[in-house]
Amino acid sequence: MLKDEDPTHQGRACAALPALCGIKSLRKKLLKDDLIDRVLELCRTADNREVQLIAMKTLSYLVQHFGETSRILLRRPDFIKEILVMLKDKSAAVVVAALKVLTAVNKNIPKYTLTENIRVEIVKRLKRLTKRRDFFVTPASVAALCEICQDDKFRKVAIESGILVTLIDLFEFDKRGLSGGPRGLTKLAEFGDVRSELARGLLIDRLIAFSRDKAVEKSNEATDELTKLSKHAELRKKIIDKGGLDSIVNNLTKRDHALFAADALLNLMKYDDAREWILNTEVDLHLLRMINERIFDGTIGREGMDILEEIFQNEHLRPIMLQPDNEPSLCNGSWNFDGKNAPKRLFKKATNYVLDKTIRRLVRKPTEYSDKPEYPRNVIGILRKMLETTQLDSVQKSAINYLRIIADYDDAREKMIGAGIIEPLLWCLKAPGLDNQALKDILEKIARHKTLRGEITQNSKILAEMLSSNYPVEIIRMRETFKSLSSYSKSSPNSEIQS
């Protein structure tokens with residue numbers, strides 16, 4: 001059927017080959033020189049594009065799954081030249097199939113067949129295909145390039161041709177990393193000669209510039225690439241010296257970039273030199289701002305809450321969240337973070353304050369009297385403010401979710417003592433739209449600390465009000481809360497909770 005003059009029969013025969021070769025007894029009979037030669041002949045036939053495409057896909061599949069195919073192809077003296085001809089085809093599908101064939105046979109190509117001119121020609125063709133900026137062709141070209149660059153001589157030719165510049169240029173048009181450029185750069189950086197080339201020129205500078213880009217996707221891709229390259233000491237030093245870490249830390253101040261930057265910083269904190277640099281910035285204020293603006297409610301492929309949990313697990317980041325090295329100022333109970341928009345935010349908050357007090361004449365909550373503790377200048381103060389000064393359930397929900405993570409740590413519970421966080425937390429039990437289970441979890445964690453248990457009982461008026469409520473849901477909530485806290489009374493007969 002492959003030799004039939006009818007293109008329909010030829011196409012059907014080609015399409016059936018992968019399935020037939022999956023049967024071991026048939027594969028030995030089918031995978032022979034004459035059959036592969038016929039498939040190759042159909043691959044070169046441009047008279048019928050449909051048959052050519054089927055033949056190319058068939059050849060690609062056979063080479064990737066059955067080693068016998070590679071050995072048959074490499075016995076052909078002009079096979080590499082035939083592949084180079086296929087790589088010049090106008091059809092993206094044909095080119096991609098040819099690239100997959102080249103990638104599959106690369107390790108078995110006899111060294112004596114690869115002259116310097118052949119290597120130069122292959123690299124030149126792959127570089128041209130990479131620049132084609134086709135989301136089908138370019139990733140396949142980058143994958144083939146990474147495969148052939150496992151060979152030292154090929155890699156030398158690729159570096160001399162400026163392939164690293166080509167890969168970094170992909171960030172310019174590919175804002176989502178679909179081209180494979182970032183992955184190609186990361187894979188090639190495993191080789192010392194590639195790292196030396198990256199550290200020597202201005203390539204790192206370009207990546208850093210991309211990480212500062214206003215386009216979120218482009219900035220995030222470049223940030224991710226800088227983070228991955230930082231595992232190599234010589235590149236990490238270059239990134240630090242050129243301001244790469246400053247760029248990532250600064251991205252924490254940009255709402256759309258912040259979560260991705262925080263995730264990158266967690267990875268960079270593994271390295272001593274990077275950690276020292278990061279901790280000497282205003283990273284504490286930026287992370288506090290992210291909590292204040294509820295940015296950890298978002299997701300970037302992984303949940304923002306998971307990132308926040310990792311931040312508090314980090315023994316270097318948690319202390320600066322609980323006691324910032326760069327303390328933000330407070331104005332009328334409002335956080336005044338530094339930044340170019342700080343005056344605008346401060347004016348907006350002052351305006352809202354005047355509206356609330358003079359026009360709307362809102363009734364003060366029990367937590368708004370002047371004898372309440374000042375807001376601590378740390379994450380506890382921010383969360384307390386979120387709980388007690390907003391009328392939005394969504395803000396309180398965020399604060400409760402954040403507290404659920406933070407309350408796991410002894411040093412965080414210590415910072416809660418006298419911070420005024422207990423009273424607004426108990427008032428949240430009255431709010432029907434909040435997660436009661438989350439509140440119970442927080443109170444259970446807080447009650448592990450004797451002093452905080454005392455603060456819970458000091459707010460007996462709130463508890464009594466809820467117990468005498470006309471709303472059954474509030475009574476049920478209080479009963480469940482007392483039940484969850486009662487475990488601490490068993491270990492201490494004179495426990496405050498028991499009393």
Side-chain angles (χ1 to χ4, degrees), residues 291 305 308-309 312-313 315 318-319 321-323 365-390 395-432 434-469 471 473-499:
I291 286 183
M305 294 299 295
L308 180 64
E309 188 169 2
F312 272 86
Q313 288 172 354
E315 296 298 327
R318 187 173 70 253
M321 299 285 280
L322 297 171
Q323 187 170 344
K365 295 181 182 179
T367 56
E368 290 181 343
Y369 290 107
S370 58
D371 59 348
K372 67 180 180 180
E374 291 185 359
Y375 288 105
R377 289 181 167 89
N378 60 11
V379 65
I380 305 300
I382 292 176
L383 294 176
R384 174 186 150 195
K385 183 175 184 298
M386 292 170 69
L387 288 173
E388 70 181 11
T389 63
T390 181
V395 178
Q396 293 175 328
K397 285 179 182 177
S398 298
I400 289 168
N401 288 333
Y402 298 166
L403 266 174
R404 199 177 195 177
I405 291 172
I406 295 168
D408 277 327
Y409 302 94
D410 292 336
D411 49 357
R413 291 194 290 270
E414 286 287 338
K415 289 293 182 181
M416 293 181 191
I417 298 173
I421 191 75
I422 301 298
E423 184 178 354
L425 193 59
L426 291 174
W427 278 114
C428 285
L429 289 168
K430 292 175 65 68
L434 301 182
D435 184 352
N436 191 46
Q437 183 58 52
L439 285 165
K440 283 168 55 181
D441 289 347
I442 295 169
L443 289 171
E444 280 186 35
K445 294 172 182 178
I446 288 175
R448 295 171 190 168
H449 196 291
K450 183 178 180 180
T451 305
L452 293 176
R453 288 203 302 273
E455 290 193 26
I456 293 175
T457 58
Q458 286 170 12
N459 288 278
S460 56
K461 290 182 179 179
I462 302 174
L463 306 178
E465 180 181 325
M466 291 186 67
L467 285 173
S468 60
S469 172
Y471 298 101
V473 66
E474 290 189 9
I475 298 174
I476 293 172
R477 280 190 167 203
M478 281 308 304
R479 186 185 65 188
E480 293 298 320
T481 301
F482 276 124
K483 188 185 296 184
S484 65
L485 296 176
S486 63
S487 58
Y488 295 98
S489 65
K490 295 175 183 177
S491 59
S492 175
N494 298 319
S495 168
E496 299 90 340
I497 299 296
Q498 189 179 40
S499 60

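This is a predicted model, so every value here is computed, not measured.
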**Study point:** Beyond-backbone contact of Leu426 with Leu443, side-chain heavy atoms, under 4.5 angstrom
**Key:** yes
Exercise for review: Would you mind reporting whether Glu414 and Tyr409 have side-chain heavy atoms less than 4.5 Å apart?
Suggested key: no
**Study point:** Residues that Arg413 engages under side-chain hydrogen bond (donor to acceptor under 3.5 Å, both in side chains), provided they are two or more places apart
**Key:** Asp410
Exercise for review: Could I get the full list of side-chain hydrogen bond (donor to acceptor under 3.5 Å, both in side chains) partners for Gln323, not counting sequence neighbours?
Suggested key: Lys415
How many angstroms lie between atom [atom1] of [X] and atom [atom2] of [Y], to the nearest 0.5 angstrom?
X	Y	atom1	atom2	result
Arg404	Glu444	CZ	CD	10.0 Å
Gln313	Leu308	CD	CG	10.0 Å
Lys397	Leu439	NZ	CG	11.5 Å
Lys440	Ile442	NZ	CD1	12.5 Å
Asp411	Met416	CG	CE	10.0 Å

Exercise for review: Test Phe312 against Met321 for side-chain contact (heavy atoms from CB on, under 4.5 Å), laying out the working first.
Suggested key: CA-CA 8 Å; Phe312 272 86; Met321 299 285 280; 4.0 Å; yes
State which residues pass side chain to side chain contact (heavy atoms under 4.5 Å, CB included) with [X]; sequence neighbours excluded, sorted by chain then number.
X	answer
Asp408	Lys445
Asn401	Met305
Glu455	Ile417, Ile422, Leu452, Gln458

Restricting to non-hydrogen atoms, name the atom on [X] and the atom on [Y] that form the minimum distance, rounded to 0.1 Å.
X	Y	result
Ala419	Arg384	O-NH1, 3.0 Å
Pro424	Gly420	CD-O, 3.0 Å
Ile400	Ala438	CG2-CB, 3.7 Å
Leu387	Cys428	CD2-SG, 3.6 Å

**Study point:** side-chain contact (heavy atoms from CB on, under 4.5 Å) evaluation trace for Leu403 with Ile446
**Key:** CA-CA 10 Å; Leu403 266 174; Ile446 288 175; 5.8 Å; no
